Amino acid sequence: MSNESFKKLYVDELKDLYSAENQLIKALPKMAKAAVSEELREGFEAHLEQTTGHVQRLETIFQSLNESPKGKKCAAMEGLVQEGAEVMEEDLEGAVLDAALIGAAQRVEHYEIAAYGTVCEFAKVLGEMKHASLLEKTLEEESQTDQKLTKLAKKINAQANEDTSSQEDEEDSAKPGRRSPKHAA
Ligand code: FE
Ligand code: FE
């Protein structure tokens with residue numbers, strides 16, 4: 001017999017993830033559009049496709065629980081998406097912009113990895129082995145995405161550190177004060 005309040009916690013955490021994934025579906029196309037590197041853009045697009053699969057897996061679980069997936073808003077994802085949006089509003093260019101986008105995306109992946117790890121263990125204790133294997137698949141994809149981003153970051157960070165072309169562009173366009181950090185204002 002499972003404890004009803006623990007089972008409710010499990011359902012609530014699944015709802016939180018359902019909200020998180022749906023928020024990410026809205027944010028990823030914007031991040032893909034902002035990405036300078038083709039490899040990074042394709043990575044965001046590929047993860048968008050995976051993310052629709054993550055939503056479908058959660059829907060399968062909610063159906064088997066006879067529960068609605070709706071009713072919660074993931075405040076953490078809202079904040080992470082907001083930080084990603086702020087990155088895109090800054091005057092960053094080229095590989096520096098991409099490095100910042102990767103940083104925002106990896107924060108998202110780490111949040112999801114933590115959340116899926118939690119619900120996956122909950123599912124096992126509750127004897128929901130089919131759920132656990134679905135959640136484990138998603139967890140694996142989130143981890144792979146994070147690893148791909150780490151690999152890409154090594155390349156892009158090096159470019160960001162070397163690339164002087166964006167600075168020259170800015171000097172060419174001669175916009176005084178454009179290079180001063182926003183946060184100083
Ligand atoms: Fe996901
Ligand atoms: Fe993800």
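Order of listing sets the numbers, starting from 1, for every ligand and every atom in it. Keep in mind that this is a model prediction, so the values were computed, not measured.
The atom of His54 nearest to the Fe ion (ligand 1) is ND1, with the search restricted to N, O or S atoms. Within Glu112, OE1 is the N, O or S atom that lies nearest to the Fe ion (ligand 2). Counting just the N/O/S atoms of Glu142, the one with the shortest distance to the Fe ion (ligand 2) is named OE1.
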Go through the steps for Leu58 and Leu135 under the test side-chain contact (heavy atoms from CB on, under 4.5 Å), then give the verdict.
CA-CA 8 Å; Leu58 290 171; Leu135 295 167; 4.1 Å; yes
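The nearest N, O or S atom of Glu21 is not closer to the Fe ion (ligand 2) than 2.8 Å. When distances to the Fe ion (ligand 2) are checked against a cut-off of 2.8 Å, Glu109 contributes an N, O or S atom below that limit. His47 lies apart from the Fe ion (ligand 1) in this respect, since none of its N, O or S atoms is found at a distance under 2.8 Å.
Within the 4.5 Å cutoff, side-chain heavy atoms of Leu97 are placed close to those of Val87. Using a 4.5 Å heavy-atom threshold, the side chains of Met88 and Lys33 count as separate.
A donor-acceptor pair shorter than 3.5 Å can be found between the side chains of Gln82 and Glu86.
Using bins of under 30°, 30° to 60° and over 60° for the plane-to-plane angle, the ring pair Tyr10/His131 lands in the parallel bin.
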